[in-house]
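Sequence lines set the chain letters: A, B, ... in the order given, protein chains first and strands last, and positions in each chain run from 1. Note that this is a predicted model, so its numbers are computed, not measured.
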Amino acid sequence: MRNAEIAAALDELADLNELDQAVVYRVVAYRQAARAVRESPAAVEQMAAQGRLTELRGIGKTIAEKIETLLETGEIPAAVKLKKKFPPALVELTRLPGLGPKTARKIYEELGISSAKDLRRAAKEERLRSVPGLGPKVEENILAALAVPAAKKGSSRRLLSHVLPIAEEIAAALRAHPAANEVEIAGSVRRMTDTCKDIDIIATANDPRALSEALATLPLVQDAATVGDAGARVVTNNGIAVDLRVVSPEQFGNVLQHLTGSKQHNVQLREYAVKRGLHVSEYGVEDDRAGRKHTCSSEHEVYDLLGLDYIEPELREGRGELEASIAHRLPTLIEESDLRGDLHCHTTASDGRNSMEQMAEAARKRGYSYLAVTDHSASFGFGNDVQADELLRQVERVRELNRGFGRFKLLAGSEVSILPDGSLDYPDSVLSELDWVNASVHSSFRMSEKAMTERILAAMESPYVDAIGHLTGRLLLKRDPYPLDVERVVEGALETGTMLEINGNPDRRDLSDTHARLAAAAGVEIVINSDAHGTDTLRLIRFGLATARRAWIEPSQVANTLPLVRLRRLRKQSRAAR
DNA sequence: GCCGTTTTCGGCCCGACTGTTTTCAGTCG
């Protein structure tokens, strides 16, 4: 059973308990356990088999037993029992916006309604208002919620790469406005999550209303819902909601911290503060003993007041950053300037848009000292493959070009496909001629977890494979990762000296942040690559860097922060020769 | 139901908004 399924079962158990009016802390505990399972980089089923479930924060003895029973029998007895008490559709109703468990239960008990169909009819017939505490407005809201088409409810999330440039454009425009003082992006965009729902911007201004109006009149803004002294709420032409909050300079730090989140981080921060007699909110930090509220003009002050080291936004996910901050053990996160090269890109030889020469020139302009050209291998397909003889000619061409370059070097490489049986798409005689080999899965995704894991482990056994590209094959918002035992792959990478790539293509970001953290912490060499298909997409490396930072990764854990000579020494081929 | 630099028992984040209330419960972020 996959982590997502176990997490869903725990969330359902939480919903059922909420309907049953269990103490809220039990419900919260199930939800937290669900989250811990969902975010676990390791396969929870395996952890259960090893009796390691309680290592996950939020899972104690009782929930561990429930998960074990779930894995053995396919069910959690407590959930089975509650499902007899409440019809399954009732749980669905609590997911309607504005309709929580308390209201749903009341409606069920008073009117016997447990389905969306019955609920709609009752609302239309104005029967809901007979339930104590409900009135005509509730009927109206329920009808509105039921009218939202299913397609609109689910994934209103978008890729960071779609949202970030718009957020930055807006922030730049606001900064340039004479009414503006400080302007910062907040929310998930600032934390550089894989996907985002909307854009939050916090500002201080000498004329708040003028700044709000400036946002409302930007060309990329379509609708301005509200515009006032406290800020503005608008929607861009491509449908992204933007929330501007204009606050007083004294509170800028508090509000920025609050609205950067994540929710989980803030909850943990506040719980920690309470133990020290402090109460954190977006308005300030209240001190029980002194009986006064401190406001903070900067985020650093907020963390300072709590006695914490400053926590970078990318780390604020409630994944141990608070404990690390308390212990002064936060990582020094990698930055763009730490990278000396890019080890994954394509040219017109496969499916890229620019020549090798153009890619080299663009890489040089970025300040890199090396770039590996890694076109697709012989059987990639779509006519975009590079046959062995062509690849060997490319190697020669690289050697020629390098004579003309100064310090900068092109590396002759390949993104060689890992075939279903774990073999590689070129013979060793060809691979051994290359300066850099990425091996990636591009076909037969629908294998069992065991087979896929063995396939990749086999590829790592090759002395010519330097790194595995986009390990799990996921495409954000489009395609789930194929089943894979990532912990086993990490072990294999360590055993064979194979590096693992964080692919910066914003549709992939694969390794994910949690997998990358697992791998790097285990000691696997990480490479961060753009997978650029043109000179204009080398910059997508920033999304790979964002994932690396969210994975707590320091420069020393990343192979392409090294000068070329040292990178070469890390390759299996040169290690074997030593 | 979890968890421990005040605790193995007694705590468990903070505030806004809404709709129904006449002082607040439910829901949301």
Side-chain angles (χ1 to χ4, degrees), chain A residues 10-11 13-37 53-67 76 78-79 93-107 128-142 144-145 156 186-188 196-198 200 226 230-231 233 241 243 245 247 251 254-255 257-286 288-289 293 302 306-308 318 322-323 325-328:
Chain A
L10 289 170
D11 270 329
L13 184 61
D15 290 339
L16 287 164
N17 269 278
E18 206 169 24
L19 275 175
D20 200 36
Q21 287 167 18
V23 281
V24 286
Y25 299 113
R26 192 156 79 196
V27 176
V28 169
Y30 289 142
R31 295 238 160 89
Q32 254 167 0
R35 175 178 168 272
V37 168
L53 284 177
T54 52
E55 283 176 23
L56 292 171
R57 166 183 276 275
I59 296 189
K61 201 163 153 271
T62 311
I63 294 182
E65 275 168 19
K66 286 184 159 59
I67 293 173
I76 302 176
L93 287 189
T94 66
R95 302 209 171 113
L96 277 178
L99 184 63
K102 299 264 166 56
T103 316
R105 178 168 171 151
K106 240 192 307 195
I107 292 172
L128 293 183
R129 61 186 68 176
S130 69
V131 179
L134 303 192
K137 195 70 193 166
V138 171
E139 286 170 344
E140 202 179 296
N141 291 345
I142 284 176
S156 56
S188 57
C196 309
K197 210 168 87 253
D198 50 20
D200 287 303
T226 55
R233 181 165 293 166
D243 219 338
R245 292 271 301 261
V247 302
Q251 287 185 325
N254 299 109
V255 177
Q257 195 285 321
H258 172 74
L259 287 175
T260 295
S262 66
K263 178 179 162 64
Q264 205 58 38
H265 173 79
N266 285 349
V267 167
Q268 291 182 9
L269 190 77
R270 290 163 181 196
E271 282 172 352
Y272 170 75
V274 166
K275 289 181 195 154
R276 302 173 54 115
L278 299 168
H279 301 274
V280 178
S281 77
E282 64 180 301
Y283 302 106
V285 180
E286 200 165 341
D288 280 344
R289 278 186 307 184
K293 187 174 271 190
V302 178
L306 300 173
L308 294 168
L322 203 67
E323 292 83 346
S325 171
I326 293 165
H328 308 296

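Applying the salt bridge (charged side-chain N to carboxylate O under 4.0 Å, His left out) test to every pair with at least one member in residues 129-140 of chain A, sequence neighbours left out, gives these pairs: A/E126-A/R129, A/R129-A/E139, A/K137-A/E140. Counting only residues at least two apart or in different chains, salt bridge (charged side-chain N to carboxylate O under 4.0 Å, His left out) contacts with residues 268-285 of chain A comprise A/R245-A/E282.
The separation of B/dT6 from B/dC2, taken at their P atoms, amounts to 23 Å, rounded to a whole angstrom. For the P atom pair drawn from B/dT22 and B/dG26, the interatomic distance equals 15 Å after rounding to whole Å. B/dT20 and B/dG11 have their P atoms separated by 36 Å, with the value rounded to a whole Å. Taking the P atoms as reference points, B/dG29 lies 29 Å from B/dT23, given to the whole Å. For the P atoms, the distance from B/dC13 to B/dG19 is 27 Å, rounded to whole Å. Nucleotides B/dT18 and B/dG10 have their P atoms positioned 40 Å apart, rounded to a whole Å. Taking atom P in both B/dT7 and B/dC12, the straight-line distance is 15 Å, to the nearest Å. Comparing the P positions of B/dC14 and B/dT8 gives an interatomic distance of 23 Å, to the nearest angstrom.
Two residues, A/G135 and A/T103, neighbour DNA chain B, and the one matched to the more 5' nucleotide by heavy-atom proximity is A/G135.
With a 4.5 Å cut-off on side-chain heavy atoms, A/T103 and A/V131 do not count as touching.
Among the protein residues, A/I326 comes within range of no part of the nucleic acid, since none of its heavy atoms lies under 4.0 Å from any strand. Within the nucleic acid shown, A/P136 comes within 4.0 Å of sugar-phosphate atoms alone, with no base atom in reach, counting heavy atoms only.
Contacts of A/D288 classified as side-chain contact (heavy atoms from CB on, under 4.5 Å), with partners at least two apart in sequence or in another chain: A/H279. Remark: A/Y25 engages no residue in a side-chain contact (heavy atoms from CB on, under 4.5 Å) (not counting sequence neighbours). For A/D243, the salt bridge (charged side-chain N to carboxylate O under 4.0 Å, His left out) criterion is met by A/R233, not counting sequence neighbours. In this structure, the side-chain contact (heavy atoms from CB on, under 4.5 Å) partners of A/V28, at least two apart in sequence or on a different chain, are A/Q32. For the salt bridge (charged side-chain N to carboxylate O under 4.0 Å, His left out) test, residues two or more places apart in sequence or in another chain that qualify with A/D15 are A/R31, A/R95. Scanning for salt bridge (charged side-chain N to carboxylate O under 4.0 Å, His left out) contacts around A/R26 gives an empty result, with sequence neighbours left out. Partners of A/T260 under the side-chain contact (heavy atoms from CB on, under 4.5 Å) rule, at least two apart in sequence or in another chain, are A/A186, A/R190, A/R191, A/L256, A/E299, A/P313, A/R316.
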Protein heavy-atom contacts under 4.0 Å, written 5' to 3' over nucleotides 1-13 of chain B as B (base), S (sugar-phosphate only) or - (none), form the string BSS--B-----BB
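When rounded to the nearest whole Å, the span between CD of A/Q251 and P of B/dC14 equals 16 Å. Separating the CZ atom of A/R129 from the P atom of B/dT20 is a distance of 9 Å, rounded to the nearest angstrom. Following rounding to the nearest Å, A/Q21 (CD) and B/dT27 (C1') show an atom-to-atom distance of 15 Å. Following rounding to the nearest Å, A/K293 (NZ) and B/dG15 (P) show an atom-to-atom distance of 6 Å.
Taking a pair to require two hydrogen-bonding distances under 3.5 Å in either a Watson-Crick or a G-U wobble arrangement, B/dG4 pairs with B/dC9.
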Look for any protein N or O under 3.5 Å of an N or O in nucleotides 22-25 of chain B and output each such pair with its distance, or none.
none

Please enumerate all protein N or O atoms sitting under 3.5 Å from an N or O of nucleotides 16-18 of chain B, with distances to 0.1 Å.
residue: B/dA16; atom: OP1; partner: A/Y283; partner atom: OH; Å: 3.0

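Counting only distance, with no hydrogens or angles, the side chain of A/N266 and the backbone of A/H258 share a donor-acceptor pair below 3.5 Å.
Here B/dT20 is in the anti range [glycosidic angle more than 90° from 0].
Expressed to the nearest 0.5 Å, how far CZ of A/R35 lies from CZ of A/R57 amounts to 9.5 Å.
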